[in-house]
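Read the structure below first, then the notes.
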Amino acid sequence: MNQVRVRFAPSPTGYIHVGNARTALFNWLFARQQDGVFVLRVEDTDVERSRAEYEERLIADLRWLGLDWDEGPDVGGAYGPYRQSERLAIYAEYGQNLLSRGLAYYCFCSPEDLEKERQEALAAGRSPRYSGRCRHLAAEEARSRVAAGEKAALRLKVPEGGIIAYHDLIRGDLSFDLSLVGDPVLIRSNGLPAYNYAVVIDDHLMAITHVIRGEDHISNTPRQLLVYQALGWEPPQFAHLAMVMGQDNTRLSKRHGATSVDQFSQMGILPEALFNYLAFLGWAPPEGREVLTREELIKLFDLRKVSRSAAIFDYEKLFWLNRQHFRQLSIAERARRAFPFLKDAGLLPEVMTPAHWSWLEKVVDSFTETVDRLSELPDRLAILFEFSPERMDEEAKSILADKARRQVAWLFCLKVKDIPELSPAEFSRVAAEIKKETAAKGKNLYHPVRVALTARASGLELDRFIPLVEEGARLSLPRPVPSCRQRAAKMLAFLEEGQKINQDKGSG
RNA sequence: GCCCCUGUCGUCUAGCUCGGUCUAGGACAUCGCCCUUUCAAGGCGGCAACACGGGUUCAAAUCCCGUCGGGGGCGCCA
């Protein structure tokens with residue numbers, strides 16, 4: 001059996017979309033599982049839209065996702081070049097071959113003529129296919145017109161009738177009526193190859209055995225098969241993947257939210273989580289487990305089990321998977337991944353000392369179990385870096401509105417404001433004292449204490465929170481963490497100020 | 001308009017290839033309970049689907065036909 005060779009062939013016309021990323025991923029999974037070769041080919045023949053920087057971006061995004069290729073524009077290989085723009089001579093050569101054998105012909109129709117023809121056909125309720133007007137031009141005449149410098153495209157002669165059929169690895173037997181397909185353009189009048197022609201030449205010359213691509217190519221396949229036929233080549237096997245849709249069941253696009261791979265990395269989705277999620281869009285492993293590594297996915301993946309119907313991209317499930325993957329990382333690794341998000345938010349220094357890392361690990365360990373994307377981290381950590389009684393939320397305010405609970409908060413601040421560093425032991429001591437002095441316990445004790453220390457009504461358990469604050473307060477940070485003592489002093493001032501206002505009101 | 005693909009809980013899917021084992025399984029979301037000084041997380045449990053209509057058959061999510069819905073294509077874009 002020949003070695004499996006698959007390819008991913010994107011156009012560098014923008015940031016890579018998760019739908020395309022999934023196509024790349026399925027190819028990669030199949031290649032790795034079959035001990036095959038994964039080829040990256042850049043289809044940059046659309047000069048208007050293709051840009052070199054997009055190719056770089058594309059490569060970076062694919063690598064970020066965890067894909068690698070054995071052959072490609074950046075790594076070379078025996079079947080190159082891997083950029084279509086560098087293969088123009090090859091396309092021209094096979095074009096001449098088809099022309100000389102009478103299987104292709106020059107077409108002099110202008111884009112305007114063609115558009116008019118199309119509109120007329122549509123209006124008359126006919127299939128808007130090319131009429132074949134130039135097909136019967138005498139070969140010598142066409143040749144001399146071209147020699148004279150007239151612009152012409154090269155078209156394939158599609159057989160008059162009959163059907164063309166092929167077996168799709170995912171969809172089974174498919175067939176198409178040839179009378180419905182117009183003569184496709186092989187080489188455009190600007191000398192660049194058209195998609196349906198270039199893929200065939202490249203896939204064959206690159207010895208591709210399996211073409212795994214999006215469903216939107218199903219009806220292109222008969223045209224490509226015709227090119228294989230004309231050239232006398234054996235076509236590869238085809239597998240057409242269903243599309244990825246947005247929540248409203250239309251093709252996933254920007255208005256559905258994040259769609260490009262780099263947007264997901266920016267919001268703090270782990271590459272292994274996106275990878276896992278993408279693999280699950282249209283496929284499920286035989287056993288029930290869902291949180292899987294790349295290696296496990298390679299083992300379990302089965303191209304024949306891929307779904308034929310379109311799948312809706314579910315951000316919630318992706319976030320859940322992200323949390324699961326994050327949890328599986330070691331504490332040090334979690335800190336390492338979280339770091340850029342916190343540094344960029346101005347919460348951590350560019351240069352981290354071991355003490356910073358040690359603190360970050362504890363912080364990340366305490367806060368990330370409820371975080372589903374790393375970009376949420378700066379907001380979640382605001383409770384450490386920020387302490388502003390004047391900006392309390394309603395719930396916290398209502399806690400302090402109660403006289404007894406306000407008394408608890410006040411007493412707590414009074415006791416803590418002179419303690420240089422609040423250790424867990426001292427915290428329990430203070431809590432016990434207040435309990436004794438005020439008879440407050442349970443919620444009535446801890447709610448006000450929490451508000452006193454955080455100016456919020458909810459958050460991390462205080463036993464975990466306090467050591468993080470005290471350790472953070474000792475560190476040199478771009479944005480200092482106020483210590484418990486500082487918090488207590490500030491809250492005390494705030495409470496007393498409020499008291500005064502209330503008294504004024506009462507007496508006035 | 002024509003051609004092609006497709007249709008199981010709100011979502012991703014298992015099951016359909018070899019009809020009975022399906023009172024249709026799992027996961028996300030949702031709801032409830034537990035845990036708990038709060039919010040989450042976590043644990044436990046609940047709600048929830050074979051698009052519709054005809055066949056075939058003792059028996060259909062599974063086979064056949066039709067309808068409807070969704071998507072894609074019909075480019076000198078890829």
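Below, read A as the first sequence line, B as the second, and so on, with proteins coming before strands; counting in each chain starts at 1.
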* salt_bridge(Lys116(A), Glu112(A)) N-O dist < 4.0 Å -> no
* To do: Could you tell me whether Glu43(A) and Arg41(A) make a salt bridge, using a distance below 4.0 angstrom between a side-chain N and a carboxylate O?
  =>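 Yes, charged N to carboxylate O under 4.0 Å.
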Choosing from [options], which nucleotide comes nearest the side chain of [X]?
{"X": "Thr370(A)", "options": "rG15(B), rA41(B), rU38(B)", "value": "rA41(B)"}
{"X": "Arg308(A)", "options": "rG71(B), rG42(B), rC16(B)", "value": "rC16(B)"}
{"X": "Glu215(A)", "options": "rC5(B), rU38(B), rG72(B)", "value": "rC5(B)"}

* Asked: Atom CG of Asn220(A) to atom C1' of rA78(B): distance rounded to whole Å?
  -> 9 Å
* Calculate the interatomic distance between Trp320(A) atom CH2 and rA27(B) atom P; express it in whole Å. =>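 Computing the Trp320(A):CH2 to rA27(B):P distance gives 9 Å.
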* Span that lies between the P atom of rC33(B) and that of rG71(B), in whole angstrom -> 40 Å
* Write down the partner of rC63(B) under the Watson-Crick or G-U wobble criteria, each distance required to be under 3.5 Å. =>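 Partner of rC63(B): rG55(B).
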Under 4.0 Å between any heavy atoms, over every strand shown, what does [X] touch: base, sugar-phosphate, or nothing? Just pick one.
{"X": "Leu281(A)", "result": "sugar-phosphate"}
{"X": "Asp44(A)", "result": "nothing"}
{"X": "Ser189(A)", "result": "base"}

* To do: Could you tell me whether the side chain of Ser366(A) and the main chain of Val363(A) form a donor-acceptor pair under 3.5 Å?
  => no
* To do: Applying side chain to side chain contact (heavy atoms under 4.5 Å, CB included), run through Tyr446(A) and Val451(A) and close with a yes or a no.
  => CA-CA 9 Å; Tyr446(A) 288 99; Val451(A) 175; over 6 Å; no
